[in-house]
Amino acid sequence: MLDEHSPLVYLVDDDDAVRDGLALLLRSVGLRSAGFGDPLAFLAQLTPRAIGCVVLDIRMPGISGLDVLGRLAEQSDLPVVMLTGHANVDLCRRAFKGGAMEFLQKPVDDDVFLDAVQAAVRTHIASREKLAVTQAASARLDKLSGREREVLERIVQGLSNKEIAREFDLSPRTVETYRANVFAKLEAETLAGLIREYAGLLG
């Protein structure tokens with residue numbers, strides 16, 4: 001079973017020599033890889049929790065890299081670096097339209113390849129970290145009562161305690177209590193931090 005907690009570069013190419021060469025190159029910079037000569041086998045074993053990137057050849061027997069790219073987009077958020085020995089403008093356009101992060105031509109320069117893969121891996125790790133933060137913030141948001149959420153929405157809109165009190169026909173002291181509860185449950189230390197983290201999560 002592959003470790004899903006550290007980055008893994010999936011090498012999907014029907015050419016054994018290409019896969020072996022790229023795997024060796026990736027090891028030289030400390031990146032793990034897993035090679036697949038059969039793109040359908042790759043798709044079958046992939047899980048949504050996988051972290052890293054995919055290096056995908058465009059021309060393979062049975063199914064094209066562009067078709068794999070389309071299927072991959074439906075089951076994973078892994079960034080994709082496309083490889084081809086027969087580059088043209090149309091292929092490049094279709095690859096980027098399909099969601100590829102980079103498009104490289106074989107034989108690929110070692111440094112160019114490593115730069116593309118490392119950038120893709122960094123991008124994926126950052127997106128997963130951002131997603132984890134958002135999910136944690138959403139979970140905290142769910143702890144609020146209906147009234148506390150309404151008070152939070154007014155705080156984010158810039159209303160003062162007195163303005164919130166007038167809107168809901170409450171005493172300013174009651175609003176202060178709600179406000180304190182909001183900050184405590186959301187684990188927010190400052191107003192700026194509260195707005196930055198939660199403004200985009202309020203529907």
Side-chain angles (χ1 to χ4, degrees), residues 1-12 22-23 25-36 39 41-56 68-82 95-104 113-158 178-203:
M1 186 68 177
L2 295 172
D3 179 9
E4 294 168 337
H5 300 290
S6 60
L8 184 67
V9 179
Y10 297 87
L11 302 172
V12 186
L22 294 180
L25 188 58
L26 290 168
R27 281 200 298 274
S28 73
V29 293
L31 278 173
R32 301 183 311 135
S33 66
F36 296 87
F42 158 67
L43 290 171
Q45 66 79 48
L46 191 62
T47 72
R49 297 183 299 276
I51 298 174
C53 78
V54 179
V55 176
L56 179 61
V68 176
L69 181 64
R71 295 192 192 188
L72 186 60
E74 296 174 357
Q75 68 179 86
S76 172
D77 62 348
L78 285 166
V80 178
V81 175
M82 301 295 293
F96 283 123
K97 188 176 181 180
M101 182 172 174
E102 189 59 89
F103 187 93
L104 303 176
F113 174 75
L114 289 175
D115 285 348
V117 169
Q118 289 173 316
V121 170
R122 285 195 301 271
T123 296
H124 196 229
I125 291 173
S127 70
R128 283 297 179 87
E129 289 175 344
K130 184 178 180 181
L131 177 61
V133 169
T134 300
Q135 289 174 335
S138 295
R140 289 193 292 269
L141 202 57
D142 289 340
K143 296 177 183 178
L144 299 183
S145 68
R147 178 64 81 190
E148 287 167 350
R149 190 179 179 102
E150 289 174 337
V151 168
L152 170 63
E153 290 170 351
R154 273 49 178 196
I155 291 173
V156 169
Q157 291 168 11
Y178 281 127
R179 185 186 182 102
N181 289 345
V182 166
F183 271 77
K185 289 183 179 180
L186 298 185
E187 301 175 18
E189 297 182 358
T190 66
L191 177 60
L194 182 81
I195 294 172
R196 182 175 59 251
E197 188 161 3
Y198 293 96
L201 297 178
L202 296 171

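Tyr198 contributes a side-chain N or O that, together with a main-chain N or O of Leu186, makes up a donor-acceptor pair within less than 3.5 Å. Side-chain atoms of His124 do not come within 3.5 Å of backbone N or O of Ile51 as any donor-acceptor pair. Proximity of a side-chain donor or acceptor of Arg128 to a complementary backbone N or O of Arg49 within less than 3.5 Å is detected. Checked by atom type and distance alone, the side chain of Glu153 never pairs as donor or acceptor with a backbone atom of Leu202 at under 3.5 Å.
Contact check for Leu56 versus Tyr10: no side-chain heavy atoms found under the 4.5 Å cut-off. A 4.5 Å side-chain heavy-atom check between Leu194 and Leu152 finds at least one atom pair inside the cut-off. Contact annotation: the side chain of Leu114 approaches that of Leu26 to within less than 4.5 Å [non-hydrogen atoms, C-beta and beyond].
Between the CG atom of Leu69 and the CZ atom of Phe96 there is a distance of 11.0 Å, given to the nearest 0.5 Å. Note that OG of Ser127 and CG of Asp77 are 5.5 Å apart. Values are rounded to the nearest 0.5 Å. Note that SG of Cys53 and CZ of Arg122 are 11.0 Å apart. Values are rounded to the nearest 0.5 Å. Here the straight-line distance linking atom CD of Gln75 with atom CG of Leu43 works out to 5.0 Å at 0.5 Å rounding.
Salt-bridge check for Glu74 with Arg71: failed, with every basic side-chain N at 4.0 Å or more from each acidic carboxylate O.
For Ser76 against Leu46, the heavy-atom pair with the smallest separation is CB-CD2, 3.8 Å. When all heavy atoms are compared, the tightest approach of Val81 to Ala116 is CG2-O, 4.2 Å. Between Glu197 and Arg140, the closest heavy-atom pair is OE2-NH2, 2.8 Å. Between Pro39 and Val68, the shortest heavy-atom contact is CB-CG2, 3.6 Å. For Gly52 against Pro79, the heavy-atom pair with the smallest separation is O-CD, 3.4 Å. Residues Leu78 and Ala50 share a closest heavy-atom pair of CD2-O, 3.8 Å.
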Check the pair Arg149 / Leu141 against side chain to side chain contact (heavy atoms under 4.5 Å, CB included), numbers first and verdict last.
CA-CA 8 Å; Arg149 190 179 179 102; Leu141 202 57; 3.4 Å; yes

